[in-house]
Amino acid sequence: MPTLILVRHGRSTANTSAVLAGWTPGVSLDERGAAQAATLPARLEALPLAEVVASPLQRCQETIRPLLDARPGLRAHTDERIGECHYGDWSGRKLAELMDEPLMEVVQTHPSAAAFPGGESLRAMQTRAAEAVREWNARVERDHGADAVYLMCSHGDIIKSLVADALGLHLDLFQRISVEPCSVTAIRYTRLRPFLVRLGDTGDLASLAPREEPPTGDATVGGGAGAP
């Protein structure tokens, strides 16, 4: 079965303003995010990508644009199933404000029980994304062979949930996974089991340096902004 390259979108205007974007329209890459996206063609140069699939949201479409410009023959597809979690009434709100919501403790410690008001549950998010990957695996293998490599550009919580699915981890453990903006995660699927061969690879170790404000231990819903 194919190898899936998961790319989180580059840093967005919502990331830098600490807002939970969700499906809010008009959230674009910021200046750094655009620069991150511009490095993708060189970072992925050695990979014979068979297809590119992206979330319909603007920040993902902007992230894959330099790659598509560099490979004009590469087919691109949009799939809503790998779009961001539907955060419902939480969308567009400041993350600092959401930390006071009782639901946030559930999101952090028991995400399989978390459902966003006016939105969807994290379980439903993981299910639709995993179903999309399985269908694309079959399609890519059919059209390009079992050794094909293809790319999906998606969002932090989606990618974390797909890593958990590949590793056989309960969704309640997915908040222990971290993927930075424009990071590359690779999962090689086989007939019997998937193998996680890269996780959140940016080629940059700056995010490991001590921060001025010590980490709280909570996961950033929607994914963080990465290194300063």
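What you see is a predicted model, and the numbers here were worked out from it, not measured in a lab.
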So, [X] side chain and [Y] main chain: donor-acceptor pair closer than 3.5 Å or not?
X: Asp69; Y: Pro66; value: no
X: Gln61; Y: Ser55; value: yes
X: Gln36; Y: Arg11; value: yes
X: Lys94; Y: Leu20; value: no
X: Gln175; Y: Thr109; value: no

_Determine whether Ser112 and Asp172 satisfy the following criterion, side-chain hydrogen bond (donor to acceptor under 3.5 Å, both in side chains), listing intermediate values before the conclusion._
CA-CA 6 Å; Ser112 65; Asp172 285 345; 2.7 Å; yes
Are side-chain heavy atoms of [X] and [Y] found at a separation under 4.5 Å?
X: Leu122; Y: Ser161; answer: no
X: Tyr150; Y: Ile5; answer: no
X: Val7; Y: Ser183; answer: no
X: Val184; Y: Arg43; answer: yes
X: Leu151; Y: Leu44; answer: yes
X: Val19; Y: Arg93; answer: no
X: Val52; Y: Arg75; answer: no
X: Thr190; Y: Phe195; answer: yes

*Around atom CG of Asp201, are there more than 12 heavy atoms of other residues, nucleotides or ligands at under 6.0 Å?*
yes
*Flag yes if more than 12 heavy atoms outside Glu31 fall under 6.0 Å of its CD atom; otherwise flag no.*
no
Give a yes or no on whether a salt bridge exists between [X] and [Y], defined as a side-chain N under 4.0 angstrom from a carboxylate O.
X: Arg8; Y: Asp157; result: no
X: Asp30; Y: Arg32; result: no
X: Arg128; Y: Glu120; result: yes
X: Glu45; Y: Arg71; result: no

Distance from [X] atom [atom1] to [Y] atom [atom2], nearest 0.5 Å?
X: Phe174; Y: Lys160; atom1: CZ; atom2: NZ; answer: 5.0 Å
X: Leu57; Y: Glu80; atom1: CG; atom2: CD; answer: 8.5 Å
X: Ile64; Y: Arg59; atom1: CD1; atom2: CZ; answer: 13.5 Å
X: Asp79; Y: Ser154; atom1: CG; atom2: OG; answer: 9.5 Å
X: Cys153; Y: Leu67; atom1: SG; atom2: CG; answer: 9.5 Å

Of all the heavy-atom pairs spanning [X] and [Y], show the shortest one and how long it is.
X: Glu62; Y: Leu29; result: OE1-N, 2.8 Å
X: Leu173; Y: Leu169; result: CD1-CD2, 4.0 Å
X: Arg188; Y: Val197; result: NH1-CG1, 3.7 Å
X: Pro41; Y: Ala38; result: CD-O, 3.4 Å
X: Thr63; Y: Gly10; result: OG1-N, 3.0 Å
X: Pro117; Y: Leu103; result: CD-CD2, 3.8 Å

*Between Leu74 and Leu4, is there a shared hydrophobic cluster once you connect ILVMFWY residues whose side-chain heavy atoms come closer than 4.5 Å?*
no
*When hydrophobic residues are tied together by side-chain contacts of less than 4.5 Å, even through go-betweens, does Ile158 share a cluster with Leu95?*
yes
_By ring-ring contact (aromatic ring centres under 6.0 Å, His included) - contacts of His77 (at least two apart)_ = Trp136
*Could you go step by step and tell me if Phe116 and Met125 meet the side-chain contact (heavy atoms from CB on, under 4.5 Å) rule?*
CA-CA 11 Å; Phe116 297 97; Met125 176 202 74; over 6 Å; no
*side-chain contact (heavy atoms from CB on, under 4.5 Å) partner of Ile159, the single match among Ile187, Ile177, Leu199, Thr185*: Thr185
*Under the salt bridge (Lys or Arg N to Asp or Glu O under 4.0 Å) criterion, do Glu135 and Arg81 qualify, and how do the steps go?*
CA-CA 11 Å; Glu135 288 182 20; Arg81 294 174 297 176; 2.9 Å; yes
